[in-house]
Structures are given as structure tokens and as C-alpha cells.
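What follows is one structure encoded as C-alpha cells, with my remarks underneath.
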2 protein chains.
Amino acid sequence: MTSLLDQSPARPVIQRLKVMRQLADDEVVALEQAIREAIRRGRAGEDLICEGDCIDSVRIILSGWLCRYKALENGRRQILNFVLPGETCDAYAYLLSRTDHSIGAITPVVYADIKRARFEQLIKTHTSLGEAFWCETLLMGTIQREWAVNLGRRMALERVAHILCELFERLRPVGLLDGNTCSFPLTQMDLADATGLSVVHLNRTLQELRSAKLISLRERILRIEDLNGLKRIALFSPTYLYLYQKH
Amino acid sequence: MTSLLDQSPARPVIQRLKVMRQLADDEVVALEQAIREAIRRGRAGEDLICEGDCIDSVRIILSGWLCRYKALENGRRQILNFVLPGETCDAYAYLLSRTDHSIGAITPVVYADIKRARFEQLIKTHTSLGEAFWCETLLMGTIQREWAVNLGRRMALERVAHILCELFERLRPVGLLDGNTCSFPLTQMDLADATGLSVVHLNRTLQELRSAKLISLRERILRIEDLNGLKRIALFSPTYLYLYQKH
DNA sequence: CGGCTGATTGATCCCGGTCAAATGAGGTGG
DNA sequence: CCACCTCATTTGACCGGGATCAATCAGCCG
């Protein structure tokens, strides 16, 4: 079973949900089945979901990076969060009439697009699954709150360091770290829009982190040279990520 | 029935939840009953919930203002959101092992403290009630996201204007507006911590709004002199508040 | 009256924004 | 293979929004 799961595109999803809630084998199988039936692909730059859309399905990311964002009139944009492999875009978002923000693909993505009726049937028969998805949703909330702190009360250097720490620790439980490096597809523009900084200043802040021997970042590869040092200047405490929840 | 509800301390709660979901009379009665059994009082300045607490009940605010916040080591504080009469602190927060943020009373508050078991029994027999509380939770998420935009991509004047617009529109559906004025118990320090500004600059920004004849604010009373003007400079669009959801 | 909290004002500084231009890295078509 | 275009990164110069420090003022309460 475990070895079978290793091959499944649903692996990161199951891995994540199991941290939230104890899942019985039949629940895992049922979810995997639902995912397998509903696999879609998206191109880099494409919007999976646009602000104002009616949501009638649940999208679970199997591979690739996306971002939630809101665009303002005058060209400004705020990235609200990133969506990483194994994470769910919008479990239960169909409960609200329309979505308040857009979700765009940063890289090519593979995802499962499970229709509302199918999803509701799934969680009705497998209640732990339903709860696990609710935990997932609540977790987006805790991350969103930490981002508010980041944007409101941290200086540029702390802010950027914090976001790097967070992404690094979120990639770890789904097995996307390779030692102290990871694939890092964000442009500096993306990082600027996520941290509320200008591209120019973001660039200078990255250089500061590089010259402090904390990170190296080039050709879409991030290497954390000194994780503890980075966490220290970011005032990073990972508890809000609930990486090791005891069910 | 309606006239009876008018007298009930649960009135703002019912009013809010009915916007989210159609509620049957027996559901309203059941909720009212649960609230009546569980009424508590809190003093101004008191923390109802502290970061790191295990949550094992659901707190529904009947009157008074609170704020969610996170405190940083060095004395900095970020207010994440306000909790107004009729709103629920933490429906379903018990699904996560510990809470990531604190909730403090700004004014004296009256609230219902419904134990987890009681709450779960309530929503099990009355499913629309459960869904309405989930909508409430999702709504906190949409507000949190709008705050990220506020903190990340708006200038001081827009930011403060935006938060005033939001509070004003959130008070409206629970009947806490009196024409173009409302009770406004926040200190300038609270507003500064909510907008990510310094107290000094917040004070100057308020003066700017006053001299532009958009608001007047003194002795804990806010009067909006020109709501449309205020919305215009805030780039305020209330859709994220889902004030008129069609169930 | 003294002490406290919150609002206000003034002076100064600096973090980070803005503008503009240069450099580099693909990607594409002739 | 080169010319050319586009997009991302980088650098320099300058400016300004908002932070910081410090002092004053206004209520309020014991």
C-alpha cells in the first residue's frame, strides 16, 4: 500500500491530510480514486480561478506552484499566499456565492478538479476526510494571519527572510526539499508582490541576504545556507504551520 | 416570534447567520437556547483567548468589540481583525490543536461560551446552522485577505479610510449604525496596530481625513461625513464582506 | 493634587519608493 | 549563427512617506 502510494500523483495530498487527521485506509483509497478521475493540467501564467467566479468544484494541487492574489485598479497587486503541491485551493469555497480573489499558476500545474457533488458525496461517507479538508482550510487562515503580521509589522529584511523560511518549511513535509535546496520558481516580482515591497527594494534585500551568507538564489534554485540564521532575523516560529499536529 | 427575537441578546447573531444561510425557525430557537444557557461577561482589556491556548468551546459575541492580534517579541503588535457584535470568535477552532493568535476585549463584552460537545450536538441536529457557522469562518478569511491587501499595497490615507469603511459596513447589518454615526471604541493605538502604522502617523492621517471633511471622530463617536468620498479614496468595494449573500 | 492614559504637535531621520537606464538570459525567426 | 525582442535582474540617483524621539496637552481617577 505504502509503496503503491509512492507512485500515485495523490501522494503529497495524502501526506498532508494525514498530518491533520488520522485517515483510515479506505478513506485514503476513496480520495485517491476521486483524484485519479479528475486530473487536469494548467499552463504557467494561467488563472485557475478569477475574482468573482462562482466556485463549484474543489481543486487539489498535485504538482506545481500557484498564488492567490488580488489585483487593484492601478496595476498594484498583492499576493495573498502561495499554493504548493499537496495543498487544496478551495475546499468548501462553494459555500460562498463568489470567490473574493484569484488563483494563478506560477508554473505548469497538475491538479484534481473534483466537482462539488462528487466532493460532498466523498466527505459524507468519509467524515475524517471532510474534517481533514476543514483543517486544511483553517490552516490557510493561520498562514494568512501570519502574513498580516509580516506585512504590517516587519521590516523588509525580516519580511523577505520570513517568507523564505515559511516556503522552505512548507515544502519539507511534502518531500520537495533536497537537502538545503529547493526548486524556487518565483520571480522577484512575485516576491515583491507577496511582501508588499517594490521590485527594486526586494532585489536589494535579496542581495543583503546573500551577502550575509544566509541564502543563495539563482536560476530558480533556492539554497538556504544558514537556516537558523535566517529564522533568527525573520523572527520565524513555525508553530502557525501546524507541521506536527497530534490529530 | 420576530418581536420576541428583538429582545433576545442573540438578535445580532441570528441576524448575521440568516444572511449566510436560510435558517428554519426551530434552528433559530435551538441556537437561541444554547446561547442563553452560556452567557458570560468579559472586562475591557481582558484576553478571552491567548495565543497557544487549546480551544474547546465556541465564543459568540453578543455585545462589545474585541480584536484578534499577535504580539511580537519586541513589543510590536499587529491587530489581525476586529470581532464585532453578532460575530463568532472561533467556530470550529477546536479542530486545530492550539490557537495561533490572541483575542482581546476592547470594551466590556457579553458573549456566549458554548462548549464543544454542546456545539457539535447543535450543528449535528441542525445542519444549516453548521453551514452558517462555516460561512462565518470563511468570511473571516475573506476579510483577512482584504487586510493583507490593505497592509501590503495601500498608502496610509487609503489604509485608514479603508478600515473605517469596513467597520462601518460591518456594523450596519447588525443595526449598530445611527444614521451616519456609530460608537467607536478604538484608541488611536488600536487603529495604528491594525493598519501597520505608527501612532503618530495614524494621528496625522486621521487629521487629514477630518480636514478633508470625510469623517469626524471624537469622544469614541465616529461620524462619517461623506461615505462615498471615503470609499473613493479607500478604493473600497464591499463585495468581500458578502453583506447580501443569496444563500 | 499627582499620576496615568490617550491625543497632539514639532523636528529630524531613514527605509523603502520611484524613475531611468544598463545588463543578462532565453526564445524566435530570418 | 546572428539579429532582435522580451522578460527578469541589477544598479544608480533622488525623493518622500512614514518612523522615531521628545515634549506638551487634555481628561480621568484615586
Discussion item. Tell me which residues in residues 153-164 of chain A lie within less than 4.0 Å of DNA chain C, going by non-hydrogen atoms.
Written reply: A:Met155, A:Ala156
Practice prompt. Would you classify A:Arg218 as touching base, sugar-phosphate or nothing, given that sugar-phosphate means primed atoms plus P, OP1 and OP2, and contacts are heavy atoms under 4.0 Å?
Written response: nothing
Worksheet item: When we call it a touch if two heavy atoms are under 4.0 Å apart, what does A:Ser198 touch: a base, just sugar-phosphate, or nothing?
Response: base
Fill in: Atom pair distance, as rounded to whole Å: CZ in A:Phe184 and C1' in D:dA8
14 Å
Worksheet, complete the sentence: Rounded to whole Å, the CG-P distance (B:Leu186 to C:dA7) equals 10 Å
Worksheet item: Do A:Asn203 and A:Gln207 have side-chain N/O donor and acceptor atoms under 3.5 Å apart?
Response: yes
Worksheet entry | Between C1' of C:dG16 and CG of A:Leu197, the distance in whole Å | 8 Å
Item to complete: Would you mind classifying the nucleic acid contact of A:Arg76 as base, sugar-phosphate or nothing, using non-hydrogen atoms under 4.0 angstrom?
Response: nothing
Discussion item. What's A:Gly196 touching, base or sugar-phosphate or nothing? Going by heavy atoms closer than 4.0 Å.
Written reply: sugar-phosphate
Worksheet entry | Partner of B:Asp90 under side-chain contact (heavy atoms from CB on, under 4.5 Å), chosen from B:Ile49, B:Val58, B:Thr137 | B:Ile49
Worksheet item: Could you state the CZ-C1' distance from A:Arg204 to D:dC14, rounded to the nearest angstrom?
Response: 11 Å
Discussion item. Within the 4.0 Å heavy-atom criterion, would you say B:Val199 contacts the bases, only the backbone, or no part of the nucleic acid?
Written reply: nothing
Worksheet item: Please give, in whole Å, the distance from C:dG6 C1' to B:Gln207 CD?
Response: 14 Å
Fill in: Protein-nucleotide distance (B:Leu191, atom CG; C:dT8, atom C1'), rounded to Å
15 Å
Worksheet item: Between A:Gln188 (CD) and D:dT11 (P), how many Å, whole number?
Response: 10 Å
Discussion item. Once side-chain hydrogen bond (donor to acceptor under 3.5 Å, both in side chains) is applied, what residue pairs with a partner in residues 51-64 of chain A remain, sequence neighbours excluded?
Written reply: A:Ser57-A:Asp113
Discussion item. For D:dT10 and A:Asn203 - does any side-chain N or O of the residue sit under 4.0 Å from the phosphate oxygens OP1/OP2?
Written reply: yes
